[in-house]
Protein chains: 2
Amino acid sequence: MEPKHSHQLIIDNVTRFIDLTELEKQKYISLLTEVKVKKKAFLMQAGEVTKYEYFITKGCLKVYTLDEEGSPHISMFAVEDYWTGDMASFMTKEPSHYFIKATEDSELLGISRANYELLFQEIPKFERFYRILYQKSLISYIRRSNQGISLTAEERYIEFKRKYPNIVNRITQKDLAAYIGITPEFMSKIISKVNRM
Amino acid sequence: MEPKHSHQLIIDNVTRFIDLTELEKQKYISLLTEVKVKKKAFLMQAGEVTKYEYFITKGCLKVYTLDEEGSPHISMFAVEDYWTGDMASFMTKEPSHYFIKATEDSELLGISRANYELLFQEIPKFERFYRILYQKSLISYIRRSNQGISLTAEERYIEFKRKYPNIVNRITQKDLAAYIGITPEFMSKIISKVNRM
DNA sequence: GAAAAAAAATGAAGTAGTTTAAGACTTTTA
DNA sequence: TAAAAGTCTTAAACTACTTCATTTTTTTTC
């Protein structure tokens with residue numbers, strides 16, 4: 001039987017780092033939950049305790065917090081082949097500070113807290129998978145948190161375009177501004193300036 | 001026989017997340033290399049390929065890059081019971097962009113790339129240890145990279161003092177400025193303002 | 001496909017943080 | 001322990017970015 005496209009995607013993602021037998025693949029898939037989110041709908045909201053970590057098989061979502069003034073700060077855009085969620089809340093079982101909202105109709109595969117633990121018991125190789133996944137994420141976050149502090153807004157925009165050419169055209173300028181960390185007005189000025197260059 | 005203080009420290013750190021038998025502890029210790037760095041000496045410099053990941057048993061070091069203008073940007077201060085190094089270079093074997101310099105006479109335990117891999121073969125539980133270690137680091141980096149973008153310099157200073165009261169008094173204002181992401185002059189103004197409040 | 005809602009562009013006035021320069025204080029080194 | 005080197009403070013002029021207000025353009029909704 002042909003595997004579903006979404007299952008094939010997540011298996012490809014995992015087997016980039018570890019090998020799995022057919023049986024292990026089936027076992028893994030059986031621990032996942034399919035989720036669909038319509039554009040503008042929330043996958044999760046601040047105040048809730050995160051029940052799942054997600055892998056995106058289709059669409060685009062934004063992960064953000066609201067500051068005291070109610071302004072959004074986007075920490076990531078998640079598209080196909082990305083992992084997302086709020087790991088802090090997922091691990092500590094404390095209420096999340098994040099919202100995750102679909103910016104396009106999206107499809108995801110979620111793993112619950114219980115199944116995440118079960119996964120490590122049943123297929124210990126997944127400790128290695130997550131070790132490598134987190135290690136790579138850590139490397140890119142370390143880089144980003146330095147850039148956030150050392151580059152100007154214009155440089156951060158150019159860097160974002162270079163690094164995520166496939167994302168930049170799928171999101172609004174307003175959301176991009178909330179990611180870069182500036183006002184939509186200044187984002188507009190930067191974009192028109194950079195395009196004139 | 002009494003274990004060395006430095007060995008006890010690293011074993012305590014590891015056994016916070018995983019259990020180890022006496023034999024496993026000895027095996028682990030045997031894979032580590034002791035390193036001492038005098039104040040102002042480099043543990044590593046940009047351009048080198050990182051050979052070790054380090055655990056600090058004594059002292060304080062700063063991890064930083066230099067931008068095009070030659071200004072330092074400090075990404076972390078590492079003190080006792082912290083892990084440090086350049087994971088990107090350690091993993092990819094590409095030359096590092098980082099400098100690590102001791103701000104006090106320091107002592108570390110290093111694990112080489114070869115021994116790091118060997119460790120996973122000999123004691124697979126360490127995949128779990130590093131999975132959890134990286135997961136926790138990731139959570140704090142995600143938080144920091146949001147703060148870098150959404151807080152003012154003054155708020156970042158207050159947050160640093162709150163979070164690392166034991167570090168703030170061990171470093172110079174100049175280095176703190178290079179961490180917060182502002183000039184030493186503006187750091188001086190912030191500190192005198194905050195102290196007046 | 002018209003009306004409503006949201007996003008983007010533009011400009012003027014304000015604030016957070018930089019630059020440069022000079023003097024006071026502290027630490028390092030011989 | 002004196003000299004040198006580095007760190008900290010203060011202030012004035014400057015730049016990156018914000019705020020607020022208005023208009024135009026694009027997207028959504030019925």
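Quick note on labels: first sequence line is chain A, next is B, and so on, each numbered from 1.
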Which donor-acceptor pairs under 3.5 Å do side chains of residues 109-116 of chain B form with protein atoms, sequence neighbours excluded?
from, atom 1, to, atom 2, distance (Å)
B:S112, OG, B:N115, N, 3.1
B:R113, NH1, B:F90, O, 3.0
B:R113, NH1, B:M91, O, 2.7
B:R113, NH2, B:E117, OE2, 3.0
B:N115, ND2, B:L31, O, 2.9
B:Y116, OH, A:R131, NH1, 3.4
B:Y116, OH, A:Q135, NE2, 2.9
B:Y116, OH, B:Y134, OH, 2.8

Nearest-angstrom distance from the residue atom CZ of B:F186 to P of D:dC8: 17 Å

5′-ward residue of the pair A:E154/B:T172 relative to DNA chain D: B:T172

Touch class at under 4.0 angstrom, heavy-atom based, for A:T183 against every strand present: base

Sequence neighbours excluded, every pair satisfying salt bridge (charged side-chain N to carboxylate O under 4.0 Å, His left out) that has a member inside residues 146-156 of chain A: A:E154-A:K193

Within-4.5 Å side-chain heavy-atom neighbours: B:R144 and B:K163: no

Atom pair CD1 (B:I142) and CD (B:Q147), whose distance is rounded to the nearest 0.5 Å: 12.5 Å

Aromatic plane relationship, B:F120 with B:Y130 - under 30° parallel, 30 to 60° tilted, over 60° perpendicular: perpendicular

Distance-only check: which donor-acceptor pairs under 3.5 Å involve side-chain atoms of residues 48-60 of chain A, not counting sequence neighbours?
from, atom 1, to, atom 2, distance (Å)
A:E48, OE1, A:Q45, N, 3.3
A:T50, OG1, A:S89, OG, 2.9
A:T57, OG1, A:E107, O, 3.0

Gap between atoms CG and P, on B:N169 and D:dC8 respectively (whole Å): 13 Å

Of residues 187-195 of chain A, the positions that come close to DNA chain C - non-hydrogen atoms, cut-off under 4.0 Å: A:S188, A:K189

Sequence neighbours excluded - salt bridge (charged side-chain N to carboxylate O under 4.0 Å, His left out) pairs with any residue from residues 75-90 of chain B: B:R16-B:D81, B:E80-B:R170

Span of DNA chain C, from the first to the last nucleotide whose atoms fall under 4.0 Å of chain A heavy atoms: C:dA7 to C:dA12

Counterpart residues, salt bridge (Lys or Arg N to Asp or Glu O under 4.0 Å), relative to A:K39 (two or more places apart): none

Give me the distances for all protein-to-nucleotides 27-30 of chain D N/O pairs that come in under 3.5 Å?
from, atom 1, to, atom 2, distance (Å)
D:dT28, OP1, A:K39, NZ, 2.9

Residue pair A:I29 / A:I10, side-chain heavy-atom distance below 4.5 Å: yes

Steps toward salt bridge (charged side-chain N to carboxylate O under 4.0 Å, His left out) verdict (B:E159, B:R162): CA-CA 5 Å; B:E159 182 61 17; B:R162 191 190 63 74; 2.8 Å; yes

Residues in side chain to side chain contact (heavy atoms under 4.5 Å, CB included) contact with A:K62, at least two apart in sequence or another chain: A:Y64, A:I74, A:F77, A:K101, A:T103, A:D175

d(CD, A:E185; C1', D:dA16) in whole Å: 15 Å

Estimated bend of the helix from C:dG1-D:dC30 to C:dA30-D:dT1 (axis per five terminal pairs, rounded to 10 degrees): 70°

Between D:dC8 (C1') and B:I182 (CD1): distance, integer Å: 13 Å

All side chain to side chain contact (heavy atoms under 4.5 Å, CB included) counterparts of B:Q8, not counting sequence neighbours: B:P3, B:D12

Of all pairs that satisfy salt bridge (charged side-chain N to carboxylate O under 4.0 Å, His left out), the ones with a partner from residues 67-76 of chain B, not counting sequence neighbours: none

